[in-house]
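Here the structure is laid out as structure tokens; the discussion comes afterwards.
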Amino acid sequence: AEDYPRTIRLGDVGFGFGTPYGVSLQAVADAKGFIAEEFAGTGVQLEWTYFTGTGPAINEAFANKQLDFASYGAVPNIVGKAAGLDTVILASTQGTNIFAVARPDAGIRTLADLKGKKVALQKATIIHWAALEALKKAGVEPGDFTLVDLKNADQLAAITAGSVDAVFGADFLLPLEEKGVAKVIFSSARDDADASGFGGFLVSRDFRDAYPEATQKVVDGYVHAAEWIADPANRDEVFQIWSRAGTPVPLIARSNADTDFKQAFNPRLDGEFQKRYRSALDFSVAQKLVRRAPDLTEWADPSFLDNALKQKGRDALWPERRGNAS
Amino acid sequence: MSHPPILSLRSVSKSFAVDDTRFHALTDVDLEIAENEIVALIGPSGCGKSTLLRSVAGLEQPDDGSIRIAGQPVTRAGQESAVVFQDHRLLPWLSLRGNVELALEPLGLSATERRRRAAACIDLVGLTQFADSFPRQLSGGMAQRAAIARALVVETRLVLMDEPFGALDSILRSRMQEELLKIWQRHRVSILIVTHDIEEALYLADRVVVMRAQPGHIHEIVPIDLPRPRRRDSAAFSELRGRLLRGLATQDHEVAA
Amino acid sequence: MSHPPILSLRSVSKSFAVDDTRFHALTDVDLEIAENEIVALIGPSGCGKSTLLRSVAGLEQPDDGSIRIAGQPVTRAGQESAVVFQDHRLLPWLSLRGNVELALEPLGLSATERRRRAAACIDLVGLTQFADSFPRQLSGGMAQRAAIARALVVETRLVLMDEPFGALDSILRSRMQEELLKIWQRHRVSILIVTHDIEEALYLADRVVVMRAQPGHIHEIVPIDLPRPRRRDSAAFSELRGRLLRGLATQDHEVAA
Amino acid sequence: MAVSPAQVLAVPFADPDGRELWAGIGASLLRLVAGATIGGLAGMATGLALALIRPLGTAFSPTINALRQIALFAWIPLLTSWFGNTETAKITFIALATFFPLVFATEQGVREVPASLREVARVLNLSRRRQISALYLPGALPAIAVGVQIALISSWIGTVGAEYAIGNGRGLGGYIANARDQFRMDIAIVGVAALALIGVFLQAASARLIRHLDKGN
Amino acid sequence: MSVVETLGGAASGLPASPLVRRMGWRPSRAVLATAAPLALLGLWQAVSTLGLVAPQILPAPSRVAQTFLELAADGELLAAARISAWRLSVGLALGATLGFAFGILLGASRRAEEWLGPSFRAIAAVPALGWIPLLILLVGIDEMLKIIILTKACFVPMAIATRDAWRAVPRGYAELGRTLGLSRRAQFTRITLPSMTPMVFSGLRLASGQAFVSLVTCEMLAATEGIGYLMVWGRTLFQMDMVIVGMIVVGASGIALDQLLRLTERRIRARMGEHV
Ligand SMILES: Nc1ncnc2c1ncn2[C@@H]1O[C@H](COP(=O)(O)OP(=O)(O)OP(=O)(O)O)[C@@H](O)[C@H]1O
Ligand SMILES: Nc1ncnc2c1ncn2[C@@H]1O[C@H](COP(=O)(O)OP(=O)(O)OP(=O)(O)O)[C@@H](O)[C@H]1O
Ligand SMILES: [Mg+2]
Ligand SMILES: [Mg+2]
């Protein structure tokens with residue numbers, strides 16, 4: 001009984017009018033019971049919280065010892081780590097598809113057209129990071145446009161009211177196109193996978209040290225979920241699960257049209273992971289989001305993931321990526 | 001009375017709406033005041049003394065009857081009369097001089113003329129050295145004298161006073177009464193004074209008007225033919241006091257609010 | 001005075017700090033009050049009447065001297081005495097009965113006993129039918145009688161009154177004076193009453209204490225040996241009035257605040 | 001983003017997301033009751049203590065007054081960092097929103113109980129407890145009543161504000177925030193209207209309650 | 001008075017004479033009032049130094065001070081404070097002026113109260129939090145939004161206070177003005193206005209308090225600069241020291257403005273001869 005805690009608390013990003021629901025891999029693991037079945041017979045309770053406050057909220061929850069596991073974007077978890085949260089990265093996750101939309105009358109067709117324009121996004125998020133990456137590749141330097149820091153809801157209002165020309169964000173931007181307020185000019189899944197959101201599945205170090213066995217089981221369940229979601233046959237069911245958060249299925253389908261779930265939820269802590277996290281670290285330092293960059297090798301602990309991948313030939317499903325550092 | 005009346009009220013009535021019914025504060029009041037006369041109004045609380053005075057001051061509009069000052073019907077507040085209220089009502093944000101000068105503003109005088117006249121009146125009430133003091137720096141008696149100065153400065157021929165010394169202690173009060181008489185002798189104005197103090201009425205007035213309540217009306221008018229200065233311990237004084245007391249005491253005057 | 005004193009003051013002094021200097025409100029006051037005696041305090045405004053009374057009530061702490069009630073030094077407010085203030089000071093959120101019963105609470109009586117005694121006292125002051133009214137529903141005179149009931153209900157042997165009828169009009173006031181004497185005759189308490197009304201003092205008191213200001217001290221004590229009921233228009237009354245008036249009038253009493 | 005009034009009216013009944021309004025209002029009101037009770041009682045007790053115990057008042061009144069000057073919403077980041085996105089954070093915030101107006105009103109009200117009535121309590125030899133229950137509390141009631149009215153509005157804004165800014169869980173604030181995030185202006189308008197209506201209702205109810213209590217004056 | 005009695009008096013529990021009381025140490029107001037915050041500060045530093053609370057939850061005061069200096073040095077704090085102050089002053093100036101005028105209208109005219117009162121109360125009932133989502137659509141996210149919200153926040157308490165002040169002008173003063181035969185204008189400037197001053201000022205102080213609350217609310221929810229934004233940014237970066245610096249700046253400016261208004265009021269009333 002000492003090997004397991006009574007409850008295990010997991011957190012992820014979520015939305016919803018009533019109680020929020022998740023829109024990522026944990027929501028699938030939750031709905032399908034992949035982690036719960038690992039603990040069958042142990043009496044361990046799983047407690048899922050889907051945070052509408054996203055990154056900072058999850059950091060606060062870790063700080064207050066209200067969470068054991070959480071998935072969230074690289075930028076906020078770097079911020080948390082740098083501020084002294086003692087977390088450990090267990091797996092990586094790509095997940096979020098990043099979009100850019102522009103006002104139809106602004107004459108913007110590609111990212112390169114954003115020079116000299118007013119662009120809204122929420123700073124200190126993976127979207128901020130991904131947007132700068134994507135823009136850099138399109139030849140637009142940070143000095144070439146005006147950046148306006150707005151939260152999701154305000155971005156919608158701002159582009160509708162014409163206060164900004166373009167917005168970088170997630171799938172919540174897509175309805176704008178339907179309503180004719182804006183049109184999509186960029187989708188990371190379609191145009192540049194390197195500019196997709198990237199993050200990690202983290203555990204608090206205290207938990208890992210106290211309950212290595214439970215940690216292993218959680219990772220096993222997590223990888224099981226990633227394996228299940230990677231199967232294209234399950235796509236429709238995934239959309240159903242995600243739609244509980246309030247987004248209609250067709251919209252989810254459209255926003256994920258170009259997403260390969262196998263790659264998006266690739267849990268590997270491999271070269272690709274190293275590359276993306278280094279980029280996020282550089283970004284965080286350059287943007288002065290952190291006072292000091294955390295040490296990645298000390299931070300990530302692939303042992304649990306490796307155990308999980310060894311089972312049932314999952315190794316083959318996700319071959320190691322080299323991650324040719326750019 | 002040899003002079004023509006400065007003030008005359010003819011069958012004045014006034015009622016107030018109180019919870020759907022009408023409360024008759026004054027019914028059919030007839031009264032004349034001659035030039036230079038002092039008339040005191042006494043009567044139990046609620047008998048309409050203040051209402052009568054306020055009607056003369058133009059602060060209330062009688063339902064019926066006519067009020068004339070120097071022959072003119074009263075149509076607006078402060079017409080040809082000056083008022084001294086029980087609470088001095090000096091404006092706290094003005095100095096004594098400022099308060100007195102304020103009364104002169106509507107007269108359209110020059111600033112120097114205003115100042116001269118205010119100073120003269122302040123001197124009359126013996127407050128010259130306090131002219132620049134603010135009301136809070138004055139004692140009750142001084143403030144009341146200042147209020148009298150403010151009433152006199154406009155030189156109306158009729159001064160209305162509603163219990164002007166009610167808030168003062170008895171010693172101060174008798175001194176103020178003497179001062180009022182002195183001022184009156186020098187200034188020659190007519191005074192209508194409300195009081196609830198029989199002695200005060202007896203000491204000051206040429207005639208005492210005794211009112212009664214429910215409805216408010218004049219019960220009797222008692223001429224006080226005592227020579228001035230009057231002595232409160234004289235037999236005639238005592239006799240008149242007894243008469244007024246009887247006139248008042250027959251009526252139950254205490255009513256729950 | 002055949003009885004032992006219920007109250008005795010021995011060389012009581014009291015000063016207040018006013019702008020770095022000390023203002024002497026009372027110096028060296030000696031006074032005794034016998035059982036069943038009524039003593040009136042008169043004097044110009046500011047001569048320390050209230051300060052003296054408040055010291056006896058335990059509301060002020062004298063700098064010097066001793067105050068004893070029934071032989072015991074006064075150490076706390078309301079010790080062995082009951083107080084009637086000028087303003088009735090009824091708690092506005094309690095009914096008349098509630099106010100009177102409140103005074104009985106520290107005595108640790110049963111609720112029924114409290115109610116019985118309160119009802120008896122309210123009856124004594126003639127307010128039985130208003131027992132459930134709130135203070136705002138009472139006229140000034142009724143509220144003051146209620147305050148007297150509250151003071152009497154605890155049955156202390158000494159009642160202190162600071163200008164208890166000062167706010168009432170003269171007719172109501174003389175009626176209250178008579179009532180007070182009736183109650184006193186039935187209840188046999190000692191009364192120390194502050195007043196600024198010479199007639200009131202003469203009408204009520206066995207002895208009148210005349211105080212003077214700067215510093216506050218006792219100027220003279222005048223025994224009033226008139227039989228009760230007293231007549232205000234009797235020659236002896238007038239004579240005593242004159243004497244007290246002279247005792248008071250020689251001092252300048254008006255001071256700017 | 002024009003939405004027709006008819007559309008908006010239908011939202012709380014017809015729309016599956018819009019229907020969450022009722023549960024949200026319920027959750028908000030529960031939170032309001034919890035937070036306002038804690039904050040209100042604490043505020044009154046503190047105000048009473050500050051006014052009646054002199055050294056305590058001199059020592060802490062200025063500090064509390066200074067803390068009061070920190071605009072309410074400025075507490076949110078601190079509270080979330082202390083309590084996370086939890087009920088505790090929200091209820092603490094609501095309690096704070098109630099606490100400050102009431103401390104101030106109670107302290108002021110008790111201080112302003114006329115010295116003349118305090119003296120009555122003293123000469124009547126009332127016990128400390130009775131002085132508080134028979135004199136200070138009823139005497140301060142008008143001031144406390146005004147404080148309660150301010151506190152009620154402030155705690156209602158605090159409730160919705162906490163839900164809006166802290167997120168997670170049901171509540172009217174979360175409802176509005178979500179409507180904005182999903183760009184459902186019809187739902188947002190319904191939420192804001194509910195916010196205003198409940199505010200007006202609370203104000204009217206408190207005014208009536210106070211009139212009922214304040215029978216002595 | 002005999003010696004025995006003096007002793008008796010003292011022994012029976014009479015408080016010491018004023019002389020003794022004056023000699024005895026009594027903590028002065030100022031000492032007590034500063035002792036409390038200093039003690040709290042000490043406690044805070046002790047808690048941090050002893051590591052009882054994680055620094056990311058409650059940074060030490062020294063850390064906060066350092067952050068304050070850093071933010072002040074690189075101009076970030078000043079820039080934020082400047083934009084917030086600008087919004088605040090414009091909102092306060094507009095809101096207070098309009099509120100004053102509207103309050104006079106409500107006070108002076110029964111009909112205005114009957115016609116405009118209900119809609120005024122309805123508007124007043126919706127807090128800044130409610131206005132932001134709607135206004136943002138109408139006027140966008142620019143300065144206009146903040147100005148409107150702050151103006152409304154000041155307008156409401158100012159209008160209420162002015163209306164009540166108008167109604168609270170003692171009837172006696174109004175009557176005096178009439179019996180003196182003052183013109184309407186003179187009655188307003190010489191009597192009504194001066195006697196309204198204290199209540200209008202307390203309305204102004206209330207308005208400034210409301211302005212601060214709304215300023216922080218809208219800067220936290222919909223702004224890209226200002227002190228409120230600085231605090232949200234601190235939260236995003238998980239740097240509580242930055243958040244606390246923001247709180248201190250907001251609190252200190254709130255106190256400063258309140259004191260400034262009190263002082264102005266005292267000056268004005270003192271010049272009008274009142275004892276304050
Ligand atoms: N504006 C009013 N509305 C209703 N009733 C009024 C009004 N003014 C006066 N009254 C009533 O009219 C009656 C007469 O009032 P008034 O003030 O003239 O009495 P008074 O003789 O001056 O009494 P006091 O000696 O107490 O001053 C009172 O019963 C009073 O309640
Ligand atoms: N708490 C106090 N602080 C300073 N001075 C005081 C205080 N209480 C009374 N005094 C002063 O002591 C003097 C005596 O006051 P007291 O109230 O005893 O006079 P009084 O004889 O009752 O006058 P009145 O007839 O006006 O009631 C006055 O000059 C008063 O200003
Ligand atoms: Mg009257
Ligand atoms: Mg006195």
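Below, chain A is the first sequence line, B the second, and so on; all start at residue 1.
Around the CZ atom of D:R54, the shell of radius 6.0 Å holds no more than 12 heavy atoms that belong to other residues, nucleotides or ligands. Within 6.0 Å of atom CZ in D:F201, 12 or fewer heavy atoms from other residues, nucleotides or ligands are found, so the atom counts as exposed in its surroundings.
Residues of residues 112-136 of chain D lying under 4.5 angstrom from chain C, judged on non-hydrogen atoms, are D:S116, D:L117, D:E119, D:V120, D:R122, D:V123, D:L124, D:N125, D:L126, D:R130, D:A134, D:L135 in numerical order. Residues of residues 96-110 of chain C lying within less than 4.5 angstrom of chain D, judged on heavy atoms, are C:L102, C:A103, C:E105, C:P106 in numerical order.
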